[in-house]
Amino acid sequence: MHDLLAELGLKAINEGAHDGTQALPCDGEVVTSFAPATGEPIAAVRLARAATYEAITSAAVRGFEHWRTVPAPQRGEVVRRIGAVLRAKKDALGRLVSLEMGKILSEGLGEVQEMIDICDFATGLSRQLCGSTMHSERPGHRMYEQWHPLGPVAVISAFNCPVAVWSWNSAIAAVCGDSTVWKPSHKTPLTAIAVQNLIAPEVRAAGIPGVFALVLGTNQEVGERMLADPRYPLVSATGSCRMGARVGAVVSQRFGRSLLELGGNNAITVLADADMSLALRAILFGAVGTAGQRCTSTRRLLLQDSIHDDVVAKLVKAYGSVRIGDPLDPTTLMGPLIDEDAVTTFVTAVEAARAQGGRVLAGGKRLERKGFFVEPTLIAATKDMPICREETFAPILYIMKVKDLDEAIAINNGVDQGLSSSIFTRDLQAAERFLAATGSDCGIANVNIGTSGAEIGGAFGGEKHTGGGPEAGSASWKVNMRRQTNTINWSTSLPLAQGVHFDI
Ligand code: UN1
């Protein structure tokens, strides 16, 4: 473990603020990061207080003022170099993600791969920040729109994707000409500091302090200040719906923009004609992968009557053979939950499901061993059980019987959250019906793949209480820029739009 920490520039106690080129001294409390697989400490972080927050924010403002003048393709070159560093250090950073967050090594490495992918995407994007040209209704006029850098962006990320979500935001923001100040989860501070340490030589070489900054502090000293701070025209926040409601309210009060990536309650629908072996593998990955701690994790399974008993029997068998244990052991399929609170939430949800008439078909208990392990859990549920409408960040899958696609779509859409959804079928009409405007109401709707594990090339985010997003690929970059519509009159007269006359 010490070699790993040393390779990533981590010490026993690390400063919780970084301007991208160097750590800044902090004077707040020291918090320890624990490995969820053992409950043992890894290293500690000294939190920033208001004065350090101020220093970081000022650095981000100064960084932005310079960075926005650098041509976008040159900004892309810096992001390309950051991607190269991540490529070189993928193994070490992926291991630290597994150690500190508890996801299995393959997923820890996958998360760093997602960072590399978004750096590649952003590098290409740096030459494609295109605006449209419109035909003016007035003679001798030209009209177009252009996209300008927006300003420093506050990036608040959650423990479950401790590094990838930063990269979705920061790589895109950087090519757009924005600086970012990252406030990672207190549950996974070391992976964040490791990222800063890794990219620091490139940020120093580019001479851009403040463009990739980090600050870790309490809500009172840092979080709330950040939300209310008009120097951040955009706050991008990943977390619970409750947290997002607070972010949205505070940021909108000051007419800021918020990009929210909040809770999901994602369902897989399996119709009778589906390829069952595909469906079973996707269900397992979606519900058990990351110990159910992705916002895209599969939480509800909607099975058509005639295949219900068969799929349930196969799932119960598969759940019994999931290898649970050390996330760094390559044979492990499911690691621990993040902490003791998460275990309590799991236990409480299982109790609630039982009390509401649910039947536990597999799992349901905490594992008696050190660390925060629980059993992957299958619960036979009815669609009116209130617990099925909640997002519990744990490997609990509620199974419901449906008679047809219409009923499945109604249940799929019958929750507050609207992140991800998928259907397994070989019937083209059913698949298209699921994807149609009257089908799934989620931001992500898939056919014959599961709800989790999206690629970075598509926009990522969900509707309703999930907050809208969008992050990552497609046209998400537009959130990070300000649009300007320009009309240029190259004629010698001054015609008014809509045919209005206003002559003396
Ligand atoms: C999250 O859990 O916050 O689609 C994001 C996925 C990952 C991202 C998850 N690429 O499952």
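Just follow the structure's listing: the first ligand is 1, and inside any ligand the first atom is 1.
Residue contacts with ligand 1, taken as heavy atom pairs separated by less than 4.0 Å, involve Asn160 solely via side-chain atoms from C-beta onward. Contacts between Gln293 and ligand 1, counted as non-hydrogen atom pairs separated by less than 4.0 Å, are absent for every part of the residue. Under 4.0 Å from ligand 1, not a single heavy atom of Phe285 appears. In Glu455, neither the side chain nor the backbone holds a heavy atom less than 4.0 Å from any atom of ligand 1.
The side-chain tip of Arg281 does not point at the ring of Phe285 from less than 6.0 angstrom away and within 45° of straight on.
The contact set between ligand 1 and Cys161, taken as ligand atoms under 4.0 Å from a residue heavy atom, comprises 1 (C), 2 (O), 5 (C), 9 (C). Interface atoms of ligand 1 facing Glu114, defined by a heavy-atom separation under 4.0 Å, are 10 (N). The ligand atoms of ligand 1 that sit less than 4.0 angstrom from a heavy atom of Phe460 are 4 (O), 5 (C). Close contacts between ligand 1 and Ser452 involve ligand atoms 11 (O) [criterion: under 4.0 Å to a heavy atom].
Residues Tyr53 and Glu221 have side chains not in contact (no heavy-atom distance under 4.5 Å, counting atoms from C-beta outward). The side-chain heavy atoms of Val374 and Val347, taken from C-beta on, include no pair separated by under 4.5 Å. Counting heavy atoms from C-beta outward, Val195 and Trp166 have side chains that approach closer than 4.5 Å. The shortest side-chain heavy-atom distance between Leu302 and Val270 does not fall under the 4.5 Å cut-off.
The aromatic rings of Trp168 and Phe460 sit tilted, their planes meeting at an angle between 30° and 60°.
Distances from ligand 1 to the non-hydrogen atoms of Trp168 include at least one value under 4.0 Å.
Between the side chains of Asn265 and Glu390, not a single donor N or O lies within less than 3.5 Å of an accepting N or O.
Counting protein heavy atoms only, atom 3 (O) of ligand 1 is closest to Cys295 SG, 2.9 Å.
None of Leu284, Ile283, Leu361, Val288 except one satisfies the side-chain contact (heavy atoms from CB on, under 4.5 Å) rule with Leu397; the exception is Ile283.
Considering only non-hydrogen atoms, atom 4 (O) of ligand 1 lies nearest to Ala454 out of Ala472, Ser297, Ala454.
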